[in-house]
Structure formats: C-alpha cells, structure tokens
Amino acid sequence: MTLKSALSIFIFLVSVNVALAQKTTFKQDKQLLQIISNDYKTAADQYKLMAKELEPDKFPKTFYPATGKLETSSSDWWCSGFYPGTLLYLYHQTGDKALLTEADRMLDALAKEQYNKTTHDLGFMMYCSFGNAQKFEPKPEYKQILINSAKSLCTRFDPKVGCIKSWDSKKQEYLVIIDNMMNLELLFWATHVTGDSSFYKIAVTHANTTMKNHFRADYSSYHVVNYNPQTGEVQQKRTAQGFADESAWARGQAWGLYGYTVMYRETKDKKYLDQANHIAGFILNNPNLPADKIPYWDYNAPNIPNALRDASAASVMASAFLELCHYAGKKEGQQYYSTAETIIKNLSKQPYMAAAGTNGGFILQHSVGSLPAKSEVDVPLTYADYYFIEALNRYKNINK
Ligand code: GLY
C-alpha cells in the first residue's frame, strides 16, 4: 500500500467516524410504537369514514359533534391539501389502496390551485398534498403542478419588503403572518428539482425578514407584521388569531418552530438552527406550557388553567421537535425528542383521540382555529390530523 492510499483510507475512516459520532440515536419506546401502530389503524378507518361523507370536490374543514355537521370547503381554502396529504401518509403506512384512491380523487380536485396567485398558503395546499404524492407515488404531472405552484407563490414576493405577502388587504398595507414560514419548503423543493435558485433566494429572504421583524426578545413571535408596501418598513405588529397583540398565539409559535427547522435543513445556515432552538426554548420553558405538553391556544390566554387547549399546535410541535432533535445538541435533542413522545402519547388517548366512528371521521379532537373570530373553536381540524400523522411517521423512522 502506498503512503497516499493509506492516507486516503485513514481520512475516509475518520470522516465516517465523525459522521457516526454526530448522529444521535434515539431510544424508541416499544409501548409507544404499539400505540402508534394502533393509531394508524384507527386513523385509516376514520378517514375512510370521512371519505363516505364528502360531496364531490368538497374538502373537509371541521366537524361539529353537537349538530353532526361536517363542514367542508372548496379547493381554494388554505387547508385543502391536508386531507389528501394525510391520506397519502396513511396509505404509505398501511398499503390500503382505498386511501390512495381517495387521495387521487382529491388531488384531481385540487390541481387547479397551482395557478392560484391570491393566497400565500400554496405551500400548505400543494406541498402537503402533491409533495407527498410526488414522494410516495411520483408522476411527471405532479412535478409540474408543484413547480407551477412554486411559481405562483413567488408572484407574491416583493423585494422591497423582502417577504411573500400573506393576506391581501388595503392598498397601504402589506401583511405577513408567521404561518407563512410553512410555505417555504415548497420553494426549496422547486430549486432542488429545477436548479433555479430564485425560489431558494426568495425563501431565504422571506425567512431573514421574518426573523428580523416577527420575533420579540424572548423569541416568541407576533402573528401579523404589517409592512409599508412603498418603503418596506414595519408599520405595525399585531395579532389576528391570538389573544392579544403582545401575546404568544400557540400555533404561531409552532409554525415558527417548524419553519426555522426546515430553514436549517435546507440551508445548513446555523443562524436558523439557533432560531429554532430559541423558539423551542420559549415554548419548553414557558410556565404556561402544561405538563402534558398540549398547549393552551395562547400562552397568554386569560383564563389559564381553564383555557382551551389546541391539539393542532401540539401536533405541529411534535413533528417539528422530531426533526429538530437531529440537529440540536445532545441535551436539547433529547429534550425535544421526549417532548414529542409525551405529545404523541397524550394525543393518542382521550380526550384528544376520537373514539372510532365518531368525530366526523377526523382523528383528533380539541383544536382551536380562531378564537377571536369565534371560528372553529374546540373542534377537529385537518391540520391537527396531518401533523399528528406526520409526527407518528417521524417517530417510527427516527433512527433511519
Ligand atoms: N392561518 C393559519 C392558521 O390558522 O394557523
């Protein structure tokens, strides 16, 4: 063996060791794995039940147990991608073709939204649905739909503000909500497949502007930042779905946690990891986070401990923590992992997990859409289900 080849073998072994040393292995709880396997079965049965109730081209929104009313939407509602996305996750786990057939039916009804330029929610709508379809059952048409969706989303970006516009409103306003961090994953995907870095640059610029303006000193976030569309300056910071302008709306904190975790995955820029860790710190050290880790709908809700919980925020947190635990230091990583375990265990039982055959076919109960608007209060929601099932998948595959 020459000195040169011995040296390359040595360098290779060192790098393998470093790579292995960096990857933390998480100890899986056998009992929880069994719970998860039961959850998949219950969830698949529930979604097949819901499928029977849906009228053509209608997407599930929520269910009101008191009246037995299943509320639905058309494809342009921000939540339209979650139902097909969850069906695809469940199909991938169970192999049950009925779930795939139903997902395909909904994807057909959703496809036209690829050209929708009136919403910033295209990431939620198209990436959670067609993104999952492309992952599990790839087709050239799915790829094109996703690329078109990313292009439509980018039409809402204004370089003067440095953000994608969330909500259309008055001429003198440019509204951006923390939720919008969740739409960036679609743009990273588009750069990966097209090689066009403009999607990537818009995502990074949006995330940087949001990091600068949406967060308080304690790393909680405002829900809405209103920019001056002429100058790009911040003219107002406020809430829409939280308790107060200065409160920490629970789902908003979860969107930020998930969003900056994705930012770190996609860029490997440490400032995003730091941001995600700081947001995690705000959540986990919050005296108002209950021991079961299912947050109240707002960390500053006035009637804690009697305030409503939000299962959707818990689901998003669990899924985000199961990714962030891989990137964080060992101690924080373990804390994120065990928090996600606690959330999954608690969501998998009463009062959150619905009894089979009830809840209009939704999987989870007790989420809060918008309490100030008295809309979807203490009800099932498609995104609570979606991120819960995603969290189960992440837990199951944690060491893969
Ligand atoms: N605006 C999306 C949400 O309710 O979280």
Side-chain angles (χ1 to χ4, degrees), residues 59-63 71 73 75-83 85-86 113 116 118-129 153 156 163-169 173-186 206 210 214 220-226 237-245 247-262 279 283 294-299 301 307-320 362 364 366-388 390-391:
F59 291 76
K61 247 176 117 177
T62 188
F63 176 77
E71 196 170 280
S73 75
S75 60
D76 59 358
W77 176 239
W78 77 275
C79 301
S80 54
F82 295 122
Y83 175 60
T86 305
E113 300 304 330
N116 186 343
T118 67
T119 177
H120 73 131
D121 287 317
L122 283 176
F124 283 125
M125 293 157 70
M126 307 308 272
Y127 196 68
C128 296
S129 53
L153 180 57
R156 298 183 64 81
C163 274
I164 295 164
K165 188 197 270 188
S166 297
W167 293 331
D168 294 338
S169 61
E173 294 186 333
Y174 192 104
L175 304 181
V176 180
I177 61 174
I178 188 67
D179 324 28
N180 207 346
M181 287 301 301
M182 299 295 287
N183 293 307
L184 306 182
E185 198 172 1
L186 169 66
H206 181 98
T210 300
H214 255 85
S220 66
S221 55
Y222 288 92
H223 186 195
V224 187
V225 175
N226 176 7
K237 298 185 182 190
R238 64 172 174 86
T239 197
Q241 286 165 253
F243 164 63
D245 290 345
S247 75
W249 173 51
R251 197 163 53 254
Q253 313 315 304
W255 292 143
L257 177 75
Y258 194 116
Y260 282 97
T261 302
V262 170
I279 300 168
I283 292 172
I294 314 294
Y296 297 104
W297 71 279
D298 191 301
Y299 289 92
L308 290 171
R309 305 294 191 95
D310 181 14
S312 77
S315 294
V316 176
M317 278 158 56
S319 187
F362 286 84
L364 297 179
H366 302 304
S367 290
V368 175
S370 178
L371 203 138
K374 297 191 176 55
S375 162
E376 301 175 338
V377 176
D378 199 18
V379 291
L381 290 167
T382 48
Y383 42 102
D385 288 1
Y386 178 87
Y387 290 101
F388 174 63
E390 184 177 88

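Counting convention: from 1, in listed order, for ligands and their atoms alike.
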Check ligand 1 against the protein and report each N/O to N/O distance under 3.5 Å, formatted as atom name, atom name, distance.
residue  : atom  : partner : partner atom : Å
ligand 1 : 1 (N) : Asp179  : OD2          : 2.7
ligand 1 : 1 (N) : Gln241  : OE1          : 3.3
ligand 1 : 4 (O) : Gln241  : NE2          : 2.7
ligand 1 : 4 (O) : Arg251  : NH2          : 2.7
ligand 1 : 5 (O) : Asp179  : OD2          : 3.3
ligand 1 : 5 (O) : Arg251  : NE           : 2.7
ligand 1 : 5 (O) : Arg251  : NH2          : 3.3
ligand 1 : 5 (O) : Trp255  : NE1          : 2.9

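Counting only distance, with no hydrogens or angles, the side chain of Asn183 and the backbone of Phe124 share a donor-acceptor pair below 3.5 Å. Ser166 places a side-chain N or O within donor-acceptor distance of the main-chain N or O of Ile177, the cut-off being under 3.5 Å.
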Please tabulate, for the side chains in residues 376-383, all donor-acceptor contacts under 3.5 angstrom to protein atoms that are two or more places apart in sequence or on a different chain.
residue : atom : partner : partner atom : Å
Asp378  : OD1  : His366  : ND1          : 2.6
Tyr383  : OH   : Arg251  : NH2          : 3.4

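Considering only residues two or more places apart in sequence or on other chains, His206 meets the ring-ring contact (aromatic ring centres under 6.0 Å, His included) condition with none of them. Legend: residues meeting ring-ring contact (aromatic ring centres under 6.0 Å, His included) with Tyr222, ordered by chain and number and at least two apart, are absent.
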task = Under the side-chain contact (heavy atoms from CB on, under 4.5 Å) rule, what do Val224 and Trp167 come out as? Steps first, then yes or no, please.
result = CA-CA 10 Å; Val224 187; Trp167 293 331; 4.1 Å; yes

